[in-house]
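Since this is a predicted model, take the numbers as computed values, not measurements. Each chain gets a letter, A, B and so on, in the order its sequence line appears, and its residues count up from 1.
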Protein chains: 2
Amino acid sequence: MTRKATIGDVAKRAKVSPTAVSRWLNGGLELPETTGERIRTAVRELDYQPHAQARRLSKGKAEAIGIVVPDISNAFFALLAGEAERVAVASGHDVMIWSSRNRIERELACFDRLRAGYIDGLLLITNHEDDGRLASRIRSMPGRVVIIDEDVVGGDSAPRFFVENETGGYEATKHLLAYGHRRIAHIGGPKGVMSAIERAQGWRRAMTEAGITPDPSWHIRTEYEVEPATRDAEQLFALDPPPTAIFAGSDAVALGVMTTARRKGINIPRDISLVGFDGMPINDLFGPPLTSIAQPIDDLGRLGAERLIAMINGEKFDGTPTRLPVQLVARGSVAAPLKEKVSG
Amino acid sequence: MTRKATIGDVAKRAKVSPTAVSRWLNGGLELPETTGERIRTAVRELDYQPHAQARRLSKGKAEAIGIVVPDISNAFFALLAGEAERVAVASGHDVMIWSSRNRIERELACFDRLRAGYIDGLLLITNHEDDGRLASRIRSMPGRVVIIDEDVVGGDSAPRFFVENETGGYEATKHLLAYGHRRIAHIGGPKGVMSAIERAQGWRRAMTEAGITPDPSWHIRTEYEVEPATRDAEQLFALDPPPTAIFAGSDAVALGVMTTARRKGINIPRDISLVGFDGMPINDLFGPPLTSIAQPIDDLGRLGAERLIAMINGEKFDGTPTRLPVQLVARGSVAAPLKEKVSG
DNA sequence: ACGCTTTACTAAAGCGCTTTACAAAGAACT
DNA sequence: AGTTCTTTGTAAAGCGCTTTAGTAAAGCGT
C-alpha cells in the first residue's frame, strides 16, 4: 500500500517549498507560469489531495454543518434535510445528517460534535419535549445553531423558522366544519411540543367558534409517526359515537389513520373525513388523495440553512422567530358526513 | 468568546501532563483513583471535549463513513441510508449522507473526500451509467468501498450487495400474465444500469415464455424517478392499442404512472394493471395499494454497512457480489384486463 | 554604485491531539 | 543493601496542513 501523497511530496517534486504549494493552491500566492505549471504537474502526477483533517485543524474551521432530524426515513424530514443540504453544499460546506430517533441523548451527541469542532454549525429539527438540556446547549453555542420546523422552549437565542401552526389547525378544522362535520377529533403531536400545542389550539378555537365543545376523548396526543397513529385511530373508531372527521397533526399521522381505516374497511372520505398537516407531494397519490395543510418545506430548509451559514460567516442575528404561512390543499379525503340515523 | 478548553488546560488543572490526560481518557493508562478524580473534575469543570479534527489527524482515522445516494428525499434511498446509518453509528462511526442527484461529479467528489481521509469508507448507491470514472475510483480505493442496490461495471474489486433483479422482473411479469394480460409494457431504469438491464431481461423472458414478442414501443428506459415516469406513462397510454398492464422498474416509476393515470381518469387496476419494484411499506396506502416486487431494503443497508466497517477494520474480502432474494407482494393494483372490444 | 521596490519565494511555528520511548519513586525480592 | 519489578507518570516527536514573518535576488531610478 503506497502512502498517500502529502503536500511535502508535491513540494519536493515541484522543487518548491510546501508553503508555496499551499499558498498557491489556496490562491494566496501569485507565481510565474513555469512554477505554477510544475506544481500543477506534481499535483496531477501524485494525485494529490489535501488531507481533510489536517487542513481543518490548521484552519480552525470544519467547513461542515450538521443537520439533526428525528428520522431521516420519514419523507417530510428527508425533504427538509434534502433542501438544506442543497443550500449548504452550494456554499462549500460538507453536510452530516443525523437521525436522532427522538432520543435526546442522540441530539446532545450532535451538540458534542459541534463543540468538538467537527462541524461549524447545527441545523436542529426536534419534535419531542425538551427537559431543558437542549435549551441549555443551544444557549451555550451562540451563533452556531438554527432551529427549523419547531420551537424549543428556552431556545430563543437561536434563530428559528417555523410555520403558522395555529392558523393551520384552525383552517383545517374550519374546512371540516364547512362540510358539516361536528364531531371532529384531533390526533396531534406529543405533549410539550410547540407545534402540537399550537395546532391543537387552532383546532380548539375553530370548534369553539362553531359552538362545539370538543369531548376530551377527541383529542389524542401521540408521536408524529405512522405506527403509533394507527393505534390512536383505532381508539377513535371505537368511540360511541365515533367522530365523523379527524384532523391529523401530521401527514404521517394521517397515514396511520388511513392504514387503520383500510384495515377495518372504513372508507375515507365516505365514512370519515381526514385532513393532514405537512402537505407532502406524495399525498396526491394516496387512496384517496389526502387533503392537508401544506407547509413551505423547501423554504424552511433553505432559509434555515442560509441563516446558519450566514452566522458561521460571522453575521449576527437575534433569536426572533420567523413564521412562514401555511396553505390548505384540498384533495379527496374530505366529504360531508353521513346522515345520522335518527334514533327512537 | 472564551476559548474552548484544550487537553492542555485540563492537564494543567488536574496537575498532570497532557499525555496522562489523553491516555487516561482513551483507556490506555491506569491511574490511582485520586489522580483519576482530579482529571475527571477538570474535564467536567472545563466542559472539555477533545477537538475532533486534531484527534482524527493524530490517529490517522476519520472514524466516519460516507453514504452516497442518488437522492435522499427519495423514500427508498432514505430507508436504505437510514438502516446503514443505524449500523454505522452503532459501531462508533460518524455518518455523512450525500445526495448525488445522479451527477457523476458529485459522486467523484465523495471519492475525493475518501482520499482526503475525511471518511474511512464509502457506501455507494448509484443508478446511472458509469463512464468508467466511477469504476476506476473504486479500484483505486481497495477495501474502502462497498456498493449496494446496484452494480457498477468494472467495480468488481468492491463488495456488492444487490437483489435478484432478473427474477424480480420475471415474477412481476408472470403475475400479470397469470391475470390474462398480454400487452404488458415495461418502464424500466436507465440505459447502462445493471438493475434496469436485468429487470428488463426478466420481463422479456416471461413474455417470450408466454409466446409474446414485446413490441419495441412497450419498453421505455427512464430515470427511476416519479417525474420523468409521468411522461413515459403518457406515452404508453397514447399507444394504439395501449398496454393493459405496466411493469414499472421501481416504485417511484409506478407512482409516476399512477399520477398520470389519475390525471387522465384512467382507473388502476380496472383500466390498467400495475406492478412496481422495491416494495416500499407505503405502497399499502396508495389508491389502490401498489403490488410490487419487494427488495429486502433493511438487509441491503445493514449488510452493506457491516461489510464496509469490517473492511475498515482490516478484514479482507474479495469482490464476489451477494444477491439477495426478492418477493412479490400482491396488493391491489393488478386485475384481469377488460374484455377487448371485438372489432368489425 | 546605492538604496528602494517588487518578485518569488522559504523557514518555522502552530493547530490539538496521540503515541512512543523513557524515567523517577516506591515495593518486593534476594 | 542491592537489584528488579511495578506503579505512576512525563518529554518530545509527529500527524499534514496553514500562516506569519521574513529574505534573497532582480529590477529600477538616480
Whichever of B:Leu57 and B:Lys15 has its nearest DNA chain D nucleotide further upstream toward 5':
B:Lys15
The answer to which of A:Asn26 and B:Ala54 contacts DNA chain D further toward the 5' end, by nearest nucleotide, is B:Ala54
Could you state the atom-to-atom distance from [atom1] of [X] to [atom2] of [N] in whole Å?
{"X": "B:Leu25", "N": "C:dG16", "atom1": "CG", "atom2": "P", "result": "17 Å"}
{"X": "B:Ile7", "N": "C:dT19", "atom1": "CD1", "atom2": "C1'", "result": "12 Å"}
{"X": "B:His51", "N": "C:dC17", "atom1": "NE2", "atom2": "C1'", "result": "10 Å"}
{"X": "A:Lys59", "N": "D:dG16", "atom1": "NZ", "atom2": "P", "result": "19 Å"}
{"X": "B:Gln49", "N": "C:dC15", "atom1": "CD", "atom2": "P", "result": "19 Å"}
{"X": "A:Tyr118", "N": "C:dG16", "atom1": "OH", "atom2": "C1'", "result": "16 Å"}
{"X": "B:Trp24", "N": "C:dC17", "atom1": "CH2", "atom2": "P", "result": "16 Å"}
{"X": "B:Lys61", "N": "C:dT19", "atom1": "NZ", "atom2": "P", "result": "11 Å"}

Are there any protein N/O atoms within less than 3.5 Å of an N/O atom in nucleotides 5-8 of chain D, and if so, which ones and at what distance?
none

Those residues that, when tested against [X], pass side chain to side chain donor-acceptor pair (under 3.5 Å) (two or more places apart):
{"X": "B:Glu37", "result": "B:Arg40, B:Thr41"}
{"X": "A:Thr34", "result": "none"}
{"X": "A:Arg160", "result": "A:Asp151"}
{"X": "A:Glu30", "result": "none"}

Please determine whether a side-chain nitrogen or oxygen atom of A:Tyr48 lies at a distance below 4.0 Å from atom OP1 or OP2 of D:dC17.
yes
Under 4.0 angstrom between B:Arg55 side-chain N/O and C:dT18 OP1 or OP2
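For C:dT18, OP1/OP2 do have a side-chain N/O of B:Arg55 under 4.0 Å.
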Mind checking whether A:Leu31 and A:Ile39 have side chains closer than 4.5 Å, heavy atoms only?
yes
Among C:dT10, C:dC17, D:dT18, the nucleotide that comes nearest once only the side chain of B:Pro50 is considered
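So the side chain of B:Pro50 is nearest to C:dC17.
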Are A:Asp9 and A:Lys4 close enough for a salt bridge, meaning some N to O gap below 4.0 Å?
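No, no charged N to carboxylate O under 4.0 Å.
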For B:Thr19, which residues count as a side chain to side chain contact (heavy atoms under 4.5 Å, CB included) partner, sequence neighbours excluded?
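So B:Thr19 forms a side chain to side chain contact (heavy atoms under 4.5 Å, CB included) with B:Ser17, B:Arg23.
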Applying side chain to side chain contact (heavy atoms under 4.5 Å, CB included), can you list everything that pairs with B:Arg323, at least two apart in sequence or on another chain?
B:Phe162, B:Glu164, B:Asn165, B:Glu198
Compile the donor-acceptor pairs under 3.5 Å between side chains in residues 299-317 of chain A and protein atoms, sequence neighbours left out, one pair per line.
unit_1	atom_1	unit_2	atom_2	d
A:Asp299	OD1	A:Arg302	NH2	2.8
A:Asn313	ND2	A:Ile309	O	3.3

For nucleotides 12-14 of chain D, tabulate all protein N/O to nucleotide N/O atom pairs closer than 3.5 Å, reporting atom names and distance.
unit_1	atom_1	unit_2	atom_2	d
D:dA12	N6	B:Thr19	OG1	3.3
D:dG14	N2	B:Ser58	OG	3.3

Distance-only donor-acceptor hits, side chain of residues 90-97 of chain B, under 3.5 Å, sequence neighbours excluded:
unit_1	atom_1	unit_2	atom_2	d
B:Ser91	OG	B:Ala88	O	3.0
B:Ser91	OG	B:His93	ND1	3.0
B:His93	ND1	B:Ser91	O	3.2
B:Asp94	OD1	A:Arg113	NE	2.5
B:Asp94	OD1	A:Arg113	NH2	2.6
B:Asp94	OD2	A:Arg113	NE	3.1
B:Asp94	OD2	B:Arg56	NH2	3.3

Assess, by modelled atom type and distance only, whether the side chains of B:Ser195 and B:Glu150 contain a donor and an acceptor separated by less than 3.5 Å.
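A pair is found: one side chain offers a donor N or O, the other an acceptor, under 3.5 Å apart.
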Any N/O donor-acceptor pair, A:Arg23 side-chain to C:dT10 base, under 3.5 Å
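When only heavy-atom distances are counted, A:Arg23 does reach the base of C:dT10 through a donor-acceptor pair under 3.5 Å.
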For residues 73-86 of chain B, tabulate all N or O donor-acceptor pairs below 3.5 Å that involve a side-chain atom, not counting sequence neighbours.
unit_1	atom_1	unit_2	atom_2	d
B:Ser73	OG	B:Asp71	OD1	2.8
B:Ser73	OG	B:Asp71	OD2	3.4
B:Asn74	OD1	B:Phe76	N	2.8
B:Glu85	OE1	A:Arg101	NH2	3.1
B:Glu85	OE2	A:Ser99	N	3.4

How does DNA chain C read in dot-bracket, base by base from 5' to 3', with Watson-Crick or G-U pairs under 3.5 Å and | used when the partner is on another strand?
||||||||||||||||||||||||||||||
